Number of protein chains: 4
Amino acid sequence: MVATNERRAREKARRRQEILQAAKEVFFEQGFHQATVDDVSAHAQVSKGTIYLYFESKESILAHLLLEGLALLYTQLTAACSASQVTAEECLWRLARAYLDFSQNNPQYFRLMMAFDRGRFREQISPDLYEQILAQSMASLDLVTQAVRQGIQDGDFDCDDPQLAAGALWAALNGVLVLMANPLRRQMLAVELEPMFEVTMKLVIRGLRRSADR
Amino acid sequence: MVATNERRAREKARRRQEILQAAKEVFFEQGFHQATVDDVSAHAQVSKGTIYLYFESKESILAHLLLEGLALLYTQLTAACSASQVTAEECLWRLARAYLDFSQNNPQYFRLMMAFDRGRFREQISPDLYEQILAQSMASLDLVTQAVRQGIQDGDFDCDDPQLAAGALWAALNGVLVLMANPLRRQMLAVELEPMFEVTMKLVIRGLRRSADR
Amino acid sequence: MVATNERRAREKARRRQEILQAAKEVFFEQGFHQATVDDVSAHAQVSKGTIYLYFESKESILAHLLLEGLALLYTQLTAACSASQVTAEECLWRLARAYLDFSQNNPQYFRLMMAFDRGRFREQISPDLYEQILAQSMASLDLVTQAVRQGIQDGDFDCDDPQLAAGALWAALNGVLVLMANPLRRQMLAVELEPMFEVTMKLVIRGLRRSADR
Amino acid sequence: MVATNERRAREKARRRQEILQAAKEVFFEQGFHQATVDDVSAHAQVSKGTIYLYFESKESILAHLLLEGLALLYTQLTAACSASQVTAEECLWRLARAYLDFSQNNPQYFRLMMAFDRGRFREQISPDLYEQILAQSMASLDLVTQAVRQGIQDGDFDCDDPQLAAGALWAALNGVLVLMANPLRRQMLAVELEPMFEVTMKLVIRGLRRSADR
DNA sequence: GATGAATGAGCGTTCATTCAT
DNA sequence: CATGAATGAACGCTCATTCAT
């Protein structure tokens with residue numbers, strides 16, 4: 001019965017998505033450590049055992065959420081700079097803006113990504129899964145690297161190592177987004193995210209330009 | 001008996017320091033989650049109950065360690081740019097370098113700081129303590145702001161909002177240090193911390209300069 | 001269709017045997033508690049649900065394995081003393097030796113038998129199955145009883161109650177085999193199974209002889 | 001405060017005994033595997049955590065119960081054969097009878113001992129504890145060995161290896177006690193424990209005698 | 001008959017915190 | 001002040017069994 005098999009596979013994929021969605025909500029609501037697998041199963045309206053039919057462990061669920069978030073980010077970044085006839089500088093601005101938007105529209109995914117490097121996380125998921133995540137996150141960075149490379153080719157940027165420059169830009173942006181993610185800190189700094197973002201980008205992009213254009 | 005009271009207070013402070021020191025060693029050795037209060041009390045050679053005479057909770061101990069780390073960082077930053085007769089730009093370089101050194105020499109403290117904004121940390125300590133930490137971390141940022149302000153005053157920098165610029169510089173640096181803290185990521189980027197640091201600082205500082213000097 | 005029914009029955013019996021065989025391999029490999037029904041079903045290449053079409057429970061499978069073991073033992077005992085023209089004493093020796101061999105060649109079956117009386121086993125299988133097992137194990141004992149009876153008839157043994165004497169011999173042998181099944185105990189006793197077996201049998205058989213022959 | 005320390009130690013020992021006693025009752029009522037640590041803690045009227053203050057694991061509790069049982073048996077065996085002016089044969093009878101009595105008066109301890117060699121028990125307690133148990137059980141066997149040796153010295157027994165003979169006697173007795181521990185089996189055999197015991201002992205002891213005395 | 005997805009009760013162990021002494 | 005015995009809630013994961021298809 002081909003039809004049956006197909007439907008089964010569809011059902012299974014759907015169920016998996018439901019669990020992932022439930023886990024997302026629960027983890028984001030309570031935090032990963034606070035949340036229990038019971039919470040997730042209750043929220044997904046399946047039994048606890050079912051969870052383990054679809055995921056190896058609690059950590060594995062988190063990893064798959066992360067992959068989802070990274071894929072979403074990658075899609076939005078790709079969309080942002082796909083416009084033809086755009087200068088490299090404009091492309092960098094669009095990528096950065098897309099990242100900013102992503103962090104604001106999907107703060108939970110963003111927090112997840114920022115938390116990724118920390119903790120015993122690495123030791124608790126399969127090495128394979130871990131590398132997938134790293135690879136996926138590097139894919140996004142590559143978009144930035146491409147733009148920088150384009151700028152050099154076009155003679156707009158003065159830069160020895162595009163990879164390095166892209167990393168610096170990315171890191172700077174990350175730093176801003178993380179710093180400003182804390183409301184109390186924003187308050188003490190007496191600065192909002194938007195101006196901070198603008199300033200940082202301006203600083204870095206100006207630094208990239210050929211001396212004559214700065 | 002004033003003398004007695006004083007001695008008592010001294011004793012108490014000393015005991016508190018011993019516990020904090022023990023906790024530092026235990027937490028840094030095993031990680032905060034892995035380590036137990038029993039471990040700390042054993043290491044401090046006091047009973048478990050005593051721990052709770054000096055600290056409200058396990059998280060509170062961590063928070064106080066964080067305060068210690070921030071104080072240490074502040075000290076080192078102050079030392080770095082205290083030299084008179086130094087240009088603002090040089091001062092920024094020194095501050096950045098001092099921060100870099102701190103992150104490398106005290107990776108555990110650094111991780112603690114980076115982890116601070118995340119997690120349920122905020123909800124697990126007293127608001128008062130939380131604000132202390134924020135204030136302390138802002139003090140370091142102020143050193144950067146002062147340097148930028150000096151640069152503007154000296155006519156070296158072209159910048160509307162020193163606070164904003166300092167925040168941008170700080171955030172960028174943070175981003176780099178966090179990004180490069182992950183070995184596997186360093187490997188995938190095929191870049192070492194030092195060049196990344198240099199490039200980022202150059203980019204940002206160039207961006208700060210008056211157009212003519214860029 | 002008689003033929004069809006027959007084939008169906010044959011098929012069913014074969015499938016049942018396959019499951020039993022798979023269970024045997026899995027249980028013997030991993031131990032009963034360690035092994036899961038999933039392991040068995042995977043090994044038997046049937047679905048987990050199918051297992052329960054053929055057996056009531058995990059414990060029931062074990063019970064049927066036990067029956068198999070007992071049947072095997074009975075076969076080997078029968079073979080051992082079937083030779084005509086053999087004295088009762090020689091027959092007892094052969095039975096004992098066959099039991100010893102069985103315990104060494106099928107240690108897993110033997111352990112299963114020894115474990116039978118203990119544990120909650122009795123309460124976890126149907127009373128019917130339980131009695132089957134007891135009856136089957138008694139069948140083997142009957143072979144011993146027959147030999148003793150023969151010895152009395154032949155005037156070789158001096159014994160009031162053949163059943164009792166057979167039980168005693170059997171029990172003694174069991175005791176030896178169980179005692180010596182533990183390697184560390186063998187080591188502490190500084191005795192090997194073979195001499196212990198010989199001594200025990202000699203003691204008991206001598207005790208059976210008419211005074212004049214002892 | 002010496003008095004305080006002493007009282008504390010006493011209290012601690014008493015609490016430990018209470019837990020052990022509760023565990024004994026619970027394990028014997030429900031069987032070791034069925035019983036949960038919750039059951040034990042409820043029965044002992046302490047919290048579950050307290051259990052783990054006194055014992056490393058569930059298995060460790062069992063091991064200590066076993067040690068207790070073995071010590072009790074040893075005491076009773078020692079008492080049984082301590083009478084002066086008793087022949088070796090009489091001594092063996094007394095030891096055997098004491099063992100029989102023990103198995104009847106402390107059936108739970110006895111079952112525990114019989115179950116000891118089986119299962120994953122060995123791997124779940126500390127090697128040290130495991131050896132203690134073996135040593136303690138060997139101590140009892142030594143009493144039998146001494147009696148046999150005495151019999152040889154007195155010229156009553158004809159036996160090359162006292163250790164071996166003692167082992168054989170002990171094993172035979174064990175075999176009988178285990179065999180007869182099952183009511184249904186007793187029923188099928190149509191024999192009671194007492195006659196079986198007598199017969200077995202007579203057989204074995206007769207086998208030990210010098211030919212002339214048999 | 002056969003499947004395999006779903007169930008959900010069950011468990012040993014840990015550990016931050018409290019409190020009587 | 002200091003102790004350390006006692007607490008008890010919490011948790012990730014398993015697995016024998018069921019049942020709709």
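Chain A is the first sequence line, chain B the second, and so forth, proteins listed ahead of strands; every chain is numbered from 1. What you see is a predicted model, and the numbers here were worked out from it, not measured in a lab. Computed over heavy atoms, backbone and side chain alike; hydrogens, waters and symmetry mates excluded.
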Given Watson-Crick or G-U pairs with both distances under 3.5 Å, what dot-bracket string fits DNA chain E, with | for other-strand pairs and [ ] for crossing?
.||||||||||||||||||||
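Heavy atoms of B/S41 sit nowhere under 4.0 angstrom from any nucleic acid atom. Residue contacts for A/A35: at a heavy-atom cut-off of 4.0 Å it reaches the sugar-phosphate backbone alone, with no base atom in range. D/T36 comes within 4.0 angstrom of sugar-phosphate atoms only, judged by non-hydrogen atoms across all strands, and of no base. Looking at heavy-atom distances under 4.0 Å, C/L53 makes contact with a base.
Residues C/K12 and D/D39 both approach DNA chain E. Their nearest nucleotides, taken by heavy-atom distance, put C/K12 toward the 5′ side. Along DNA chain F, the nucleotide closest to A/E59 and the one closest to B/T50 are compared, and the more 5′ of them pairs with B/T50. Comparing A/V46 and C/G49 against DNA chain E, the residue whose closest nucleotide sits nearer the 5' end is C/G49.
Nearest nucleotide to the A/Y54 side chain, out of E/dA6, F/dA2, E/dA2: E/dA6.
Screening residues 43-56 of chain A for side-chain hydrogen bond (donor to acceptor under 3.5 Å, both in side chains) gives A/E25-A/H43, A/D38-A/K48, A/S47-A/T50 as the qualifying pairs, with residues at least two apart or on separate chains.
The distance from atom OH of A/Y52 to atom C1' of E/dA6 is 16 Å, rounded to the nearest whole Å. For B/R16 and F/dC1, the CZ to C1' distance is 16 Å, given to the nearest whole Å. The separation between D/K48 atom NZ and F/dA10 atom P is 12 Å, rounded to whole Å. E/dG4 atom C1' lies 10 Å from atom CG of C/D38, rounded to whole Å. For the pair C/Q45 CD and E/dG4 C1', the computed distance is 16 Å after rounding to whole Å. In this entry the distance linking CZ of D/F55 with P of E/dT14 reads 16 Å, nearest Å. Here E/dC19 presents its P atom at 18 Å from CD1 of B/I51, a figure rounded to the nearest Å. Look at NZ on B/K58: it is 15 Å from P on E/dT18, rounded to the nearest Å.
A donor-acceptor contact under 3.5 angstrom links the side chains of D/Q17 and D/E68, judged on distance only.
A tilted orientation is assigned to the rings of C/H33 and D/H33, their planes being inclined by 30° to 60°.
Under the 3.5 Å distance criterion, the side-chain polar atoms of C/Q108 are matched with a main-chain donor or acceptor of C/F28.
Residues D/E131 and D/P127 fail the side-chain proximity criterion, which asks for heavy atoms closer than 4.5 Å.
Close to E/dA2, at under 4.0 Å from its OP1 or OP2, lies a side-chain N or O of C/R15. Proximity of C/S47 to the phosphate of E/dT3: a side-chain N or O atom is located under 4.0 Å from OP1 or OP2.
Salt bridge annotation for D/R14-D/E18: present, with a cationic side-chain nitrogen under 4.0 angstrom from a carboxylate oxygen.
With a 6.0 Å cutoff to the six-membered ring centre and a 45° limit on the axis angle, D/K58 counts as a cation-pi contact of D/F32.
Checked against A/Q132 for a side-chain contact (heavy atoms from CB on, under 4.5 Å), the options A/L70, A/L67, A/I125 give a single hit: A/L67.
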